[in-house]
A.B. asks: 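This is the structure, below, for whatever I ask next.
Along the sequence shown, residues carry numbers from 1.
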Amino acid sequence: MEHKIGLDKIRNIGIIAHIDAGKTTTSERILFYTGKNYKLGEVHDGAATMDWMVQEQERGITITSAATTCSWKDIRINLIDTPGHVDFTIEVERSLKVLDGAVVVFCGVGGVEPQSETVWRQADRYGVPRVAFVNKMDRVGSNFLDVIDQMHKRLGTNAAAIQVPFGKEADFKGVIDLVEKKLVYYKDDLGKDMEIKEIPPEMISEVQKQYTIMIERLAEVDDKIMEDYLHNKVISAADLKSAIRKGVIANKFTPVLCGSSFKNKGVQLVLDAIKDYLPSPLDVPSIKGTNPETGEFEEIKVSEKAPFCALCFKVATDPYVGKINYIRVYSGTLTAGTYIYNASKRERERVTKIVKMHANHQEVTDSISCGEIAAAVGLKHTKTGETLCTESNPIVIEAMRFPEPVIQQAIEPKSKDAQEKLGLALHKLEEEDPSFRVSYNQETGQTLIAGMGQLHLEIIIDRILREFNVEAQVGQPQVAYRETLTKKVRSVGKFISQSGGRGQYGHCVLEMEPQETPGAGITFEDKIKSGAIPREFIPAVKQGVMGSAKSGVLAGYPVNDVKVVLVDGSFHEVDSSELAFQMAGSLAFSDGLKKAGPILLEPIMDIEVIVPEEFMGQVIGDLSSRRAKIVSLAQRLNLRTIRANIPLAEVFNYATILRSLTQGRASYTMEPSFYTEVPSHISEKIVSGFAATGSTRKSL
């Protein structure tokens with residue numbers, strides 16, 4: 001039986017960053033120094049523990065967030081290594097939802113990159129306290145203070161160095177700790193052999209300068225430090241640590257550390273910072289939920305004695321045990337072999353066994369209690385974002401927000417035998433990944449898969465072919481357009497049918513208008529007065545509206561950002577039925593859409609291209625020819641960075657184009673940003689293509 005650890009000694013943390021900042025390498029070093037791994041796994045060799053999928057090892061990127069548990073000094077760290085590539089943003093989103101703290105890794109050369117901003121905003125949304133680690137300090141062009149400056153400007157955070165690097169670029173030899181005022185000097189490349197020294201005389205003035213900045217920034221958020229600072233008192237290291245911890249937990253201060261994970265320098269100090277500054281489950285605010293019976297808000301108390309409550313934040317398929325659900329326990333204890341209640345679906349579930357995860361290896365345990373992260377086996381109906389609790393104390397924790405897919409492809413099985421296997425594979429993948437959607441196009445009889453980007457769908461297709469052994473062929477990637485309306489209209493839907501015997505009668509009046517805030521989706525409001533439509537038929541009208549919104553009137557794309565209000569209608573004592581009102585809702589919505597000036601919307605991407613000076617003209621010219629709007633130009637060392645908004649339709653296979661324009665010397669990152677109206681000449685082409693073939697989707 002393992003030793004029970006106090007809640008104050010648990011740290012649930014994630015490692016988040018822009019692609020290629022060194023998250024997985026940092027995670028590997030953490031596992032090495034905490035004794036979890038005996039050798040160092042390298043990403044570029046395809047041997048990293050946390051990147052265990054074949055697709056991850058081949059590409060040298062992280063695709064799924066891997067969870068593991070390790071110990072450092074007297075604390076236990078539940079660690080999640082998340083992907084940096086924006087196509088897998090859902091993995092970061094769901095990890096942040098259940099984590100208490102995060103280490104944000106920045107590249108010492110690249111600084112605050114576009115996806116660093118994305119993950120930072122995600123962490124802001126979930127209120128996750130974080131410490132920053134500036135990695136790759138041994139690289140040419142790395143600049144620690146410059147990165148902190150960018151954190152202020154681009155992220156708007158109150159950040160300050162709590163360490164400064166000793167030595168620059170290839171001569172990076174150690175780290176000066178500003179809190180303890182000591183130099184940590186690394187004698188070897190493994191980073192195990194380190195020496196604590198006094199600060200060298202030539203560094204004293206720089207250290208004093210950074211120390212003062214740190215105190216000033218802390219004084220903004222801590223009254224005791226402010227008082228001591230104003231009265232010129234000596235502030236002890238213990239007081240400093242306590243103030244930094246308070247500032248981090250309140251999300252008012254970000255301490256910045258530095259090092260080089262690849263060269264094994266500074267990682268033990270990151271572990272110390274996780275221990276000293278990041279919150280335990282007791283330090284974070286109680287999680288809130290709704291009672292499904294009463295709809296009242298309730299707070300969940302962090303205690304082993306409280307009733308059991310957990311959130312399922314990820315579903316994965318394991319070849320040996322089948323479906324496993326990753327859960328974060330917020331209160332109470334869960335024992336293997338017991339029944340629990342899925343409050344989101346109102347169903348009972350049985351947990352056959354509980355496993356602690358180490359990437360894709362499992363360690364079976366009898367029970368888990370509050371503050372822990374583990375995986376449950378045996379849950380049949382539970383999906384990502386659903387709450388598990390006791391039946392006597394039901395509560396639903398607010399679910400996560402899943403982004404809308406921006407790209408789609410048709411997929412068809414090569415043979416009749418493969419048909420069933422393909423259906424099964426798609427169902428499993430959809431369960432695992434909420435940002436991946438599968439739909440069926442009635443007109444063309446095609447199965448469409450939709451995701452967050454080309455790489456996302458590429459990996460999905462690769463997994464279908466390899467992991468599930470399905471022989472399938474795929475069409476060209478297509479843009480996932482949307483339709484919406486431009487003006488407010490009132491529309492009537494009547495469904496009346498007399499065919500001998502009992503007839504059908506449904507009649508409703510809808511008011512439809514564009515949503516005030518883009519991205520709000522479709523909302524349905526009921527403003528029926530004096531029982532014009534009986535209460536039991538109103539959900540049927542809503543169902544008809546939502547069903548009709550799945551394909552618009554211009555080119556059959558899903559309708560988005562429409563506010564629908566049910567204002568009037570009538571019914572027949574005998575002939576009215578749910579089906580009649582569902583049909584009436586559907587007819588009213590389609591009719592309203594036709595009258596309301598429908599337009600096509602297309603996804604716009606936020607792209608950043610990093611290009612050598614001499615190719616800048618060609619790249620900007622090419623972007624402009626692709627309907628891009630340049631947002632900003634900046635200089636980074638001898639490279640220029642171009643930030644632009646560009647329609648997704650214009651950047652398929654952009655990697656090849658950029659390579660040929662710049663002799664392979666430029667790189668880019670891209671993420672979905674917003675939807676906007678398609679220019680009329682392109683819109684006409686799409687609509688006429690739809691009219692000619694009965695579908696916008698090209699067949700295979």
Side-chain angles (χ1 to χ4, degrees), residues 399 401-406 437 439 450 479-496 506-571 578 580-604 645 647-648 672-680 682-684 686-687 690-691 696:
R401 228 173 43 100
F402 299 132
E404 282 294 309
V406 293
R437 314 274 165 87
S439 60
V479 176
Y481 291 102
R482 294 277 180 272
E483 296 186 21
T484 193
L485 43 77
T486 52
K487 57 185 184 215
K488 186 173 178 175
V489 291
R490 192 180 176 99
S491 71
V492 180
K494 265 189 179 175
F495 181 72
I496 303 168
H507 167 223
C508 65
V509 181
L510 302 178
E511 276 183 1
M512 295 160 58
E513 62 182 306
Q515 293 278 19
E516 283 170 22
T517 50
I522 293 200
T523 54
F524 180 87
E525 207 180 316
D526 156 34
K527 283 195 177 165
I528 287 287
K529 298 275 189 306
S530 66
I533 298 176
R535 297 242 62 81
E536 67 265 25
F537 294 138
I538 288 169
V541 177
K542 181 179 179 180
Q543 211 177 335
V545 165
M546 294 308 186
S548 191
K550 284 184 180 160
S551 63
V553 293
L554 287 175
Y557 284 107
V559 181
N560 214 359
D561 291 348
V562 178
K563 183 180 175 186
V564 181
V565 183
L566 175 61
V567 288
D568 201 3
S570 64
F571 70 104
E578 283 191 7
F581 274 103
Q582 192 177 328
M583 291 301 291
S586 177
L587 291 166
F589 186 82
S590 296
D591 182 50
L593 202 56
K594 283 177 192 147
K595 294 190 298 192
I599 54 168
L600 275 182
L601 300 174
E602 64 180 342
I604 300 292
N645 288 331
L648 174 64
S673 188
F674 55 92
Y675 271 85
T676 191
E677 185 178 348
V678 176
S680 56
I682 295 170
S683 174
E684 279 161 22
I686 296 168
V687 174
F690 176 74
T696 40

A.B. asks: So how far is it from Leu554 CG to Leu600 CG, rounded to the nearest 0.5 Å?
C.D. replies: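 Here the interatomic distance stands at 5.0 Å.
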A.B. asks: For Lys563, check side chain to side chain contact (heavy atoms under 4.5 Å, CB included) against everything at least two apart and list the hits.
C.D. replies: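 Lys563: side chain to side chain contact (heavy atoms under 4.5 Å, CB included) contacts with Glu513, Gln515, Thr523, Glu525, Val565.
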A.B. asks: State, yes or no, whether a side-chain contact exists between Val479 and Pro603 at a heavy-atom distance under 4.5 Å.
C.D. replies: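 Side chain of Val479 against side chain of Pro603, heavy atoms only: contact under 4.5 Å found.
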A.B. asks: Just to verify, what does Pro539 make a side chain to side chain contact (heavy atoms under 4.5 Å, CB included) with, not counting sequence neighbours?
C.D. replies: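 Scan of Pro539 (side chain to side chain contact (heavy atoms under 4.5 Å, CB included), adjacent residues dropped) gives none.
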A.B. asks: What pair of heavy atoms forms the shortest contact from Ile604 to Pro647, and how long is it?
C.D. replies: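 Taking Ile604 first and Pro647 second, the nearest heavy atoms are CD1-CA, 3.8 Å.
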A.B. asks: Take a 6.0 Å sphere around NZ of Lys550 and say whether it holds more than 12 heavy atoms from other residues, nucleotides or ligands.
C.D. replies: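 It does not: Lys550 NZ has 12 such atoms or fewer within range.
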A.B. asks: Under 4.5 Å between any side-chain heavy atoms of Ser683 and Ile599, yes or no?
C.D. replies: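 No; the side chains remain at least 4.5 Å from each other.
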A.B. asks: For Glu483 and Val553, indicate whether the former's side chain and the latter's backbone hold a donor-acceptor pair under 3.5 Å.
C.D. replies: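 Answer holds: yes.
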A.B. asks: Give a yes or no on whether Glu516 atom CD has more than 12 heavy-atom contacts from other residues, nucleotides or ligands under 6.0 Å away.
C.D. replies: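 No.
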A.B. asks: For Ser570, check side chain to side chain contact (heavy atoms under 4.5 Å, CB included) against everything at least two apart and list the hits.
C.D. replies: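 If we apply the side chain to side chain contact (heavy atoms under 4.5 Å, CB included) test to Ser570, skipping adjacent residues, the hits are Tyr505, His507.
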A.B. asks: If we ignore hydrogens and angles and just use 3.5 Å, is the side chain of Lys595 paired with the main-chain N or O of Arg490 as donor and acceptor?
C.D. replies: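 Yes; at least one donor-acceptor contact below 3.5 Å.
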A.B. asks: Check for a donor-acceptor pair, side chain of Ser586 on one end and backbone N or O of Ser548 on the other, with a separation under 3.5 Å.
C.D. replies: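 No; zero donor-acceptor contacts below 3.5 Å.
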A.B. asks: So how far is it from Leu587 CG to Lys494 NZ, rounded to the nearest 0.5 Å?
C.D. replies: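 The distance works out to 12.5 Å.
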A.B. asks: Tell me whether the rings of Phe537 and Phe581 are parallel (<30°), tilted (30 to 60°) or perpendicular (>60°).
C.D. replies: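 Answer is parallel, since the angle falls under 30°.
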A.B. asks: Find the distance between CG (Leu593) and OG1 (Thr484) and round it off to the nearest 0.5 Å.
C.D. replies: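 OG1 of Thr484 is found 8.0 Å from CG of Leu593.
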A.B. asks: Compare all side-chain heavy atoms of Leu566 with those of Ile533 and state whether any distance is below 4.5 angstrom.
C.D. replies: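 Yes. Closest side-chain heavy atoms under 4.5 Å.
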A.B. asks: Before giving the answer on salt bridge (Lys or Arg N to Asp or Glu O under 4.0 Å), spell out for Arg535 and Asp526 the whole-Å C-alpha distance, their side-chain angles and the decisive distance to 0.1 Å.
C.D. replies: CA-CA 10 Å; Arg535 297 242 62 81; Asp526 156 34; 2.3 Å; yes
A.B. asks: What's the separation between atom CG in Asp568 and atom NZ in Lys527, rounded to the nearest 0.5 Å?
C.D. replies: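 Here the rounded value is 13.5 Å.
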A.B. asks: So does Asp591 get a backbone contact from the side chain of Ser491, meaning a donor-acceptor N/O pair under 3.5 Å?
C.D. replies: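 No: the side chain of Ser491 does not pair with the backbone of Asp591.
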A.B. asks: For the atom pair CD1 (Ile682) and CD (Glu602), what is the distance rounded to the nearest 0.5 Å?
C.D. replies: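 Between Ile682 CD1 and Glu602 CD, I get 6.5 Å after rounding to 0.5 Å.
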A.B. asks: Answer whether the closest heavy-atom distance between the side chains of Tyr557 and Leu601 falls below 4.5 Å.
C.D. replies: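 The answer is no, as the side chains (C-beta and beyond) never meet within the 4.5 Å cut-off.
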